[in-house]
Amino acid sequence: YMYPVMEDFKANIVLDSEPEEIDIPPFTLIGATTSGGSLSQPFYDRFMVKEHLTFYNVDELAKLAGSNAKSLNLNISEDSNQKDNITYLSGMYKEWFLDYASYVILERAVPALEDGLKPVQRRILHSMKELDDGRYNKVANIIGNTMKYHPHGDASIGDAMVQIGQKDLLIDCQGNWGNLLTGDGAAAPRYIEARVTKFGNHILYNNKTTKWLSSYDGRNKEPQYLPVKFPILLNHGAEGIAVGLACKILPHNFIELIDASINVLRGKKIELFPDFPNGGLADFTQYNDGIRGGKVRVRAGIKKIDNKTLVINQIPFGTTTDTLIDSIVKATEKNKIKIKKIEDNTSAVAEIIIHLPSGVSPDKMIDALFAFTNCEMSISPNSCVIEGNKPIFIGISEILKKSVDKTVEILKLDIFLLEMIKAIIIMKKGFTNSIGWILGKNIRSNHLFDPFTSTPIICLLYTSDAADD
């Protein structure tokens with residue numbers, strides 16, 4: 001029990017002989033558990049600002065009275081405003097937990113619709129551009145530089161960077177970056193190196209069209225969103241577990257995304273399905289455009305070499321060769337299937353060889369592997385993104401349409417700024433001692449129009465007497 005005291009009142013201590021009344025000063029915290037012990041220190045530390053209060057438990061109050069206490073009664077006058085000053089734990093829990101849940105959803109687990117990146121991914125890519133000089137940088141150095149913007153430690157930054165690097169699109173990797181097939185992790189950050197790919201440099205960055213925010217400590221500037229000109233979110237996929245919310249967007253094929261984007265621009269209807277880097281077979285009849293409630297069934301690619309040998313050369317999405325072999329071994333131990341020996345020869349491609357005992361049909365064994373092992377799995381997509389600082393659930397097709405619209409917007413702004421720069425250079429060369437107003441006029445085939453409203457832009461040119469100025 002907890003009694004925060006905000007004004008003078010009396011406390012009755014029931015002693016061995018008779019009750020004795022003692023004065024309790026203001027700003028005193030009196031606490032006891034049902035077993036008679038004192039409140040835990042962390043709980044006490046969190047309840048109020050402890051520099052401004054005194055804490056007593058039952059035994060300490062008894063010592064003030066000069067004897068051992070049997071029980072504690074707090075007498076508060078009826079006209080006291082004590083109840084108005086009490087902050088109940090339920091209210092604290094509700095506010096604190098809501099703040100925590102909102103932070104995890106918006107700043108940790110769910111990608112933003114604007115650029116398709118989680119905050120840690122955005123900060124990594126910004127940090128890599130900041131360090132970019134055309135050469136490889138140690139991943140340890142990139143992680144250290146990213147910690148200027150990301151307050152959650154080096155481990156989370158390193159893991160997120162490895163995941164981006166393994167997609168082989170935005171980061172040019174050097175060294176051992178792990179293996180998606182076997183599940184082997186990357187080497188330590190001090191041993192591996194990275195730099196932004198040419199494709200990444202082309203689609204990710206433009207300082208002039210980027211809105212900048214202060215970092216968590218106010219010492220640096222970081223982008224609110226990167227001006228991404230490609231649907232990275234759909235290509236890479238995303239997975240995150242927040243508080244009361246989860247996100248699972250499956251990866252899609254690079255070429256198919258480009259073709260679908262062209263169809264969006266042409267106003268055609270699009271139908272987009274995931275594509276998995278490890279190969280395998282998939283059933284998308286219940287995909288439901290990636291919205292929660294849908295389901296995708298994925299299968300390994302199994303071939304029959306002869307009547308006594310099978311080979312798995314493609315594994316289902318979400319598994320590794322190790323987990324797949326473990327599921328086969330467990331099914332064998334439960335007498336679900338019968339195998340003689342299993343070998344893992346995976347290197348650049350998956351190759352799991354299964355040797356069958358005599359008398360076992362290879363065709364029936366393939367059906368049994370799908371039925372009792374991870375050779376067949378079910379995936380539940382949940383397309384959730386952040387838009388306008390709120391989580392929304394929209395389909396893959398809608399995400400692509402919004403991404404295409406955003407790309408067109410960015411390209412128009414890029415072209416507009418480029419034309420402005422060209423026009424200023426031409427005007428500077430043509431007029432050395434004049435002030436000119438240009439109202440949408442043709443300046444050597446350069447038109448100054450707002451790309452969004454198609455209205456003329458008014459430009460003021462000032463030149464000094466020195467031609468070089």
Side-chain angles (χ1 to χ4, degrees), residues 111 163 166-169 178-184 231-241 246-257 260 270-304 310-332 334 336-337 339 342 344-354 362-384 393 395-397 399-400:
Q163 289 180 9
Q166 288 176 340
K167 301 294 191 299
D168 200 24
L169 184 69
N179 191 321
L180 288 174
L181 293 174
T182 62
D184 294 334
I232 291 176
L233 176 58
L234 299 183
N235 179 252
H236 283 185
E239 187 171 0
I241 300 174
C247 165
K248 191 176 184 68
I249 298 175
L250 302 179
H252 293 74
N253 183 273
F254 183 91
I255 303 299
E256 291 176 1
L257 284 174
I270 61 170
E271 191 174 27
L272 201 59
F273 297 112
D275 189 22
F276 304 124
N278 295 340
L281 305 174
D283 176 12
F284 297 114
T285 54
Q286 300 179 47
Y287 182 50
N288 195 27
D289 202 31
I291 302 174
R292 56 182 173 177
K295 186 172 68 172
V296 176
R297 293 172 61 196
V298 290
R299 277 187 169 188
I302 306 176
K303 289 184 178 181
K304 181 175 71 172
L310 301 176
V311 61
I312 301 175
N313 53 15
Q314 295 177 342
I315 63 174
F317 178 75
T319 64
T320 64
T321 54
D322 289 342
T323 58
L324 191 59
I325 290 172
D326 288 343
S327 70
I328 295 173
V329 171
K330 288 179 181 178
T332 304
K334 294 178 181 179
K336 301 287 186 181
I337 59 175
I339 64 172
I342 187 168
D344 185 6
N345 297 332
T346 301
S347 55
V349 295
E351 186 179 348
I352 301 174
I353 300 175
I354 301 174
D363 295 326
K364 290 184 179 180
M365 175 56 69
I366 292 175
D367 293 337
L369 288 171
F370 289 142
F372 301 117
T373 72
N374 287 349
C375 288
E376 180 177 321
M377 298 181 65
S378 178
I379 301 173
S380 299
N382 186 13
S383 179
C384 176
F393 296 89
I396 298 301
S397 302
I399 290 177
L400 182 64

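Bear in mind the structure is a predicted one, so any value in this text is a computation, not a measurement. Positions are given from 1 along the sequence.
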Could you work out, with side chain to side chain donor-acceptor pair (under 3.5 Å) as the rule, every residue matching [X], not counting sequence neighbours?
| X | value |
| --- | --- |
| Thr332 | none |
| Asp184 | Thr182 |
| Ser397 | Asp289 |
| Thr346 | Asp344 |

Nearest 0.5 Å, please: how far is [atom2] in [Y] from [atom1] in [X]?
| X | Y | atom1 | atom2 | result |
| --- | --- | --- | --- | --- |
| Leu250 | Glu239 | CG | CD | 9.0 Å |
| Cys384 | Ile291 | SG | CD1 | 12.0 Å |
| Asp363 | Ile302 | CG | CD1 | 11.5 Å |
| Thr319 | Leu180 | OG1 | CG | 11.0 Å |

Test side-chain contact (heavy atoms from CB on, under 4.5 Å) applied to [X] and [options], the passing residue:
| X | options | value |
| --- | --- | --- |
| His252 | Leu400, Leu257, Leu233 | Leu257 |
| Leu324 | Leu181, Ile315, Val329 | Ile315 |
| Ile312 | Ile328, Ile342, Ile366, Ile325 | Ile328 |

All ring-ring contact (aromatic ring centres under 6.0 Å, His included) counterparts of Phe372, not counting sequence neighbours:
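Once residues adjacent in sequence are excluded, Phe372 has no partner under the ring-ring contact (aromatic ring centres under 6.0 Å, His included) criterion.
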How close do [X] and [Y] get, counting heavy atoms only, and between which atoms?
| X | Y | answer |
| --- | --- | --- |
| Pro316 | Asn278 | O-ND2, 4.5 Å |
| Gly294 | Asn288 | CA-CB, 4.0 Å |
| Glu256 | Leu272 | O-CD1, 4.1 Å |
| Gln314 | Ala350 | N-CB, 4.4 Å |
| Ala260 | Ile270 | O-CG2, 3.6 Å |
| Ala238 | Pro111 | CB-CG, 3.9 Å |

Close side-chain approach of Pro251 to Phe317, heavy-atom, < 4.5 Å:
yes
Do Leu310 and Lys304 have side-chain heavy atoms sitting under 4.5 Å apart?
yes
Apply side chain to side chain donor-acceptor pair (under 3.5 Å) to residues Asp322 and Thr320 and explain how you reach the verdict.
CA-CA 5 Å; Asp322 289 342; Thr320 64; 5.1 Å; no
Side chain Asn253, main chain Asp275, donor-acceptor under 3.5 Å
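Flag not set: sc Asn253 to bb Asp275 has no pair under 3.5 Å.
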So does Leu369 get a backbone contact from the side chain of Thr373, meaning a donor-acceptor N/O pair under 3.5 Å?
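Yes; at least one donor-acceptor contact below 3.5 Å.
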Lys248 and Ile379: CA distance, side-chain angles, deciding distance, side chain to side chain contact (heavy atoms under 4.5 Å, CB included) verdict
CA-CA 9 Å; Lys248 191 176 184 68; Ile379 301 173; 3.4 Å; yes
Checking Ile339 against Met365 for the side chain to side chain contact (heavy atoms under 4.5 Å, CB included) test, could you report, in this order, the C-alpha distance in whole Å, the side-chain angles of both residues, the deciding distance, and whether it holds?
CA-CA 9 Å; Ile339 64 172; Met365 175 56 69; 4.3 Å; yes
Audit row: Val296, Phe273, side chain to side chain contact (heavy atoms under 4.5 Å, CB included) steps and yes/no:
CA-CA 10 Å; Val296 176; Phe273 297 112; over 6 Å; no
Anything under 30° is parallel, anything over 60° is perpendicular, the rest tilted; go ahead and classify Phe284 against Phe276.
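Taking Phe276 first and then Phe284, their aromatic rings sit tilted (interplane angle of 30° to 60°).
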Under the salt bridge (Lys or Arg N to Asp or Glu O under 4.0 Å) rule, what pairs show up with a residue in residues 364-377, not counting sequence neighbours?
Arg297-Glu376, Arg299-Glu376
